[in-house]
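What follows is one structure encoded as structure tokens, with my remarks underneath.
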Amino acid sequence: MGRYLLRRLAIAIPILFGVSAIAFFMLHTAGGDPAVLKLGARATPEALAKLRHEMGLDRPLLVQYADFLAGAVRGNLGLSYRSNTPVTQEVLSRFPATIELAVTAMALALLVGGPLGILAAMRRRSVVDYLSSVGVLIGISVPTFWLGMIFIIVFGLWLGWLPISGRINPRLGADPSTPFLTVAAVWQGNWVVAADAARHLILPALTLAAWPAAIVARMTRASLIEAMGQDYIRTARGKGLSQGAVLMRHAFRNALLPVLTAIGLEFGTLLGGAVVTETIFSWPGLGQLTVAAISARDYQIVQGVVLLLAVVFLTLNLLVDLLYAALDPRIRYA
Amino acid sequence: MSAPVRDRAADAVSLAAPDRPRRRWRAARRFARDPGAVAGALLLLFLAMVAVAGPALVRDPIAQNIPDRLQPPSATYWFGTDELGRDIFARVVGGAPISLASGLASVIIGLALGTLMGAVAGYREGRLGLALMGAVDLLLALPAILLAITIAARVGAGLPAAMVAAGLVGLPAYARLARASTLSVKRREMIDAARALGASDAAILRRHILPNILTPLIVQATIGVGSAILLVAALGFLGLGAQPPTPEWGRMLSDAQRYITNAPWIGIFPGLAITLTVLGFNLAGDGLREALDPTATS
Amino acid sequence: MDDSRTLNSLVRRLHAGALSRRAFLTRAAQIGLAAPIASALAAVAARPGSAAPSIALQNGGTTLVVAIPQATVQLDPAVAGSNGYGDVLPLWDNITEGLTRFKPGSIELEPALAASWDTSEDGLQVVFQIRPNVSFHDGSPLDAKAVAVNFQRQIDENNPFHFPGMTYADIVFADVEKVAATGDLELTVTLSRPTILLPGNLAIFAAGIVSPTALQNEGENFGQQPIGTGPFKFQSWTKDVELVMVANDGYWGGRPALDRVVWRTIADDTVRLSELKTGGIDVANQIDLKDADSVEQDAALQLLTGPFLNMQFLAFNEAIAPFDNLALRQAVQHAVNKQNIADAAFFGRYTLGAGPIAPTLLGYDAGLAEVYPYDPEKAKALVAESGLANPSFELTNRTNSFWPLLGQLIQADLAAVGITATINGLEDAEFFDLLNAGQAQAFLNDWTWDNGDPDNVMFSLFTAPRAQTRMGYKHDRVNELNVAAQQERDPDQRVKMYAEAQKLILDDAIMVILGYPQRAIGAAATVQNLQVSPVADLTFREVSLT
């Protein structure tokens, strides 16, 4: 087990290395000069050359990359081109907002997708099954950004039920960068802020949840059906246990494996998908930061985000595999 | 660092791989009896017809008519007009070949490269295989949208960049599937026989392995077209895909966002077109999978 | 890797039978969920300046929420503007002030931190009397020395407070040779040549005066917590998201009515408007003109419009083919249907283009619109005259906002007269790269005035070096006139000079002057005294909420 973990870590390092190299070289050879953006349309060529020098952009790429790596291994990802503040600080300060959104979306996806999948599996080829399949297919076929805009128009503008953008009503005076604002407010007993923050969370979380909800429903249904076809289930049923009891006691536990796997993997996708959702809802998370950084050619920030998400992805992948090993005795990692 | 569940699933699908006429016939019958699959196939057939014949039958999708701009759907303009007075029906129809082609092209890029990498990695399990799959994992660790944005930033915004990006995003799935299937296929006797007869590695890969691993890949690719179309559209939405006045659906949606409160029809119809197309590929893909492998129920 | 160790032991206990699978699952899930949360929390808690997340309610007081499309990134006024306009707005005459300022809603100058000023007979010296009894938000006093520090750090590249990105120094302090505190409250600026532009230039945001004490203490980090003299004090911000400023009780001009102003960044026009309509914000800067009518008709809202010193143009590069051909440039002038642009892109809230100088400015001449009337037939004739068979070129525009729309409209107009334009949409960075390299055959761009003087466009676009790099344009007589107008004190004489220069520029057909858009601000009906400024600043010192 220990050796397995070590090996996984040993693989993770070159992957992170590769990710950083790809991100670095692709971004740095992309068109668009960060100096131009920093100085604006009115800058003179001399001023641009001077700034490029100050930013170290006139050095050979390999030197710049070596410099970046040397800092990165010490946890220093350099300074943001735009604001001159440390990249790690900017990126990590935005991470909690994204995690809050992603965790909420995943929870919604489980709450909706799980029961839907179970229901569909229990009543196979029934109206419920077909309806849920249609729902699932629509969930994975609708463009996220389109769904988000429609939510804004319908629930925000027409019906006026929910706030449209941001994380909190600014008039309340709460810091919008507070990590886990909703939870923090509940914790402090500040119900006004908690309720407002929760209301702000609903539309973006629903938008982001559409895809994983469909995946969860589909995986739950499929693995439940597979599990119920197994010999021991038939045995259990033969012993006269009710279908519900069989489902809950036996099939469900075994069906959990692939569902968990899907969730773990989807969570990574979810963080990436947050780019679009956060842009639409002005959600102050990583995605919004990334889009802002890309349009300003702030490579430093983009690199930081890519690296962070790669670490999260690798960690999730590892956890999923370990869970899998733990739950399925047939799989052993030596 | 392969997650075992996916490889297992791949193995399960690949069991159906050895294609014999009788199996094929049975699969076709199963497909025809699945209402979802038939609906998907019909939808795709309809879209293909629209894409091929449609553009010749509608107005010029880029012809402007300023006095008629922002008109709601009517008998003259079935889907209404956009901010430049262009016929949205003509643009949705005219965009069909573009969106379909971009989805297909991305999948072909991802499928070809992924299959090659996966098959070689499966056939040569040693250092080469490890390196190839390492590269695949690397792609997987880059979040899809970020990878796409980076590529678009590199080669310049435009449809080709978006297609390459969507292709690379899909690549890991094909590579893993191809590797898993190859691992199971290469243990068969016919491979040993071919090798004993002096066939080269390339020939074995081409003649014996590839035909036997193709089925699950094609199923995956059918569903992949849908995701690719969605990703190309998302890139168009972020301004990194097709450039105006090209009537690409994602781009149209992105431009429509500005008018969504004043003239929602500008965005509703291309959005529906994307949803229906992706739906078609998903239905057909699911049906194909069930038909080819009745034991895999997902 | 603490998590893996914990997980590892969990797995070992599971295999040893010490742990049920369900218990393992629960614990592992806890680790899986808790780890990223804990690390993120720790990271944020460790952030300097935010000891404990403040989610306390703001009790009492009036808060105004204003939304702008641009992001706020750094708040040193001398550097602001280089990161986009988002940084400029909260600073400009809100947090920091200059020696002079524009009266709200106009381009008329009035004294700000300078109580008065005098220009010497030869026009080479300007002496400012600094306003007495003014102090910075950090309590340090404003005097001539403090102002001198602020100017010198922009002029002198070796000054310890000269930071990268002080682009506007070239514009604001263009002809300034020396700055000296010649008394406690007397500042003498020596010019290298006589120019009448200095007092106006000092009203530009980049000439905002900041606390030298804070500069000393913060160094390059000054832009993270600006200290000025303005009616509002910077309180807190989340970059790109939200910035809070509060009333300055000791403001020299009297405490503002608003207690707090929150600046939110909402990039999307539709979302910004929806927030305004649903009461999420009080002021929406830059209303998309297509929505102006609906804001106007909403009883709970008010639409504030006014002229905006902005000029949109289609420029040619006459150094490279095909626009080295005068007849072709003239053909395009007649081919572009400016009325279509006004209707389709700006919903009628647009003045059709005449000369480079925008309406309300000295030297604007509506009659210049008659030089190149919309006339496709004449355009076709000119294409024929150009001797080019099927001329084609690449039309470069930015991909944000209304630019792609303008590009497509012009593309269609040109197609109608037999000129093929391929649209090359670029993001800002690539766009300006291409322009600065002199590689764009023709491009769509605009110019927003920083001050209220026609010189700001006439010199900057047609005489400054960028005229030659971007458009291959160099005209001796135009340059002569533009420089002379900088020194001329008699407005009538200046009008004559600019009339001649504009005429020459139009004769060369170096750019199609498309038009001048209006600017609209949407506000709740409860917002009082908010003015639309022609130079696009947004000041709140006189604004109140009912």
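Every chain is numbered from 1, with letters handed out A, B, ... down the list of sequences.
- In this structure, CG in C:Asp268 is found 11.0 Å from CZ in A:Phe281, a value given to the nearest 0.5 Å.
- Taking the side chain as every heavy atom from C-beta outward, A:Arg171 and C:Val262 never approach each other to under 4.5 Å.
- Proximity to chain C (any heavy atom under 4.5 Å) is shown, for A:Glu100, by neither the backbone nor the side chain.
- Counting heavy atoms from C-beta outward, A:Leu289 and C:Lys239 have side chains that stay 4.5 Å or more apart.
- Summarising the geometry of A:Ile280 relative to C:Val271, their closest heavy-atom pair is O-CG2, 3.7 Å, with the distance given to 0.1 Å.
- Contacts between C:Thr265 and chain A at a heavy-atom distance below 4.5 Å involve the backbone alone (N, CA, C, O).
- Using a 4.5 Å cut-off between heavy atoms, C:Leu426 does not touch chain A at all.
- Taking C:Leu64, C:Leu434, C:Thr238, C:Leu273 one by one and counting their heavy-atom pairs under 4.5 Å with chain A, the maximum is reached by C:Thr238.
- The nearest pair of heavy atoms linking C:Glu275 to A:Ser165 is OE2-OG, 2.5 Å.
- Using a 4.5 Å cut-off between heavy atoms, A:Ile152 touches chain C through its side chain atoms alone.
- With respect to chain C, the highest number of heavy-atom pairs below 4.5 Å among A:Gly156, A:Pro163, A:Pro170 belongs to A:Pro170.
- Atom CD1 of residue A:Ile164 and atom CZ of residue C:Arg272 lie 13.0 Å apart, to the nearest 0.5 angstrom.
- Side-chain polar atoms of C:Gln224 and A:Thr85 form no donor-acceptor pair below 3.5 angstrom.
- Heavy-atom distances place both the backbone and the side chain of C:Ser274 under 4.5 Å from chain A.
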Report task. List the steps, then state whether side-chain contact (heavy atoms from CB on, under 4.5 Å) holds for A:Arg94 with C:Asp240. Result -> CA-CA 11 Å; A:Arg94 294 301 195 88; C:Asp240 296 323; 3.2 Å; yes

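- Residues A:Ser282 and C:Arg264 meet the side-chain proximity criterion, which asks for heavy atoms closer than 4.5 Å.
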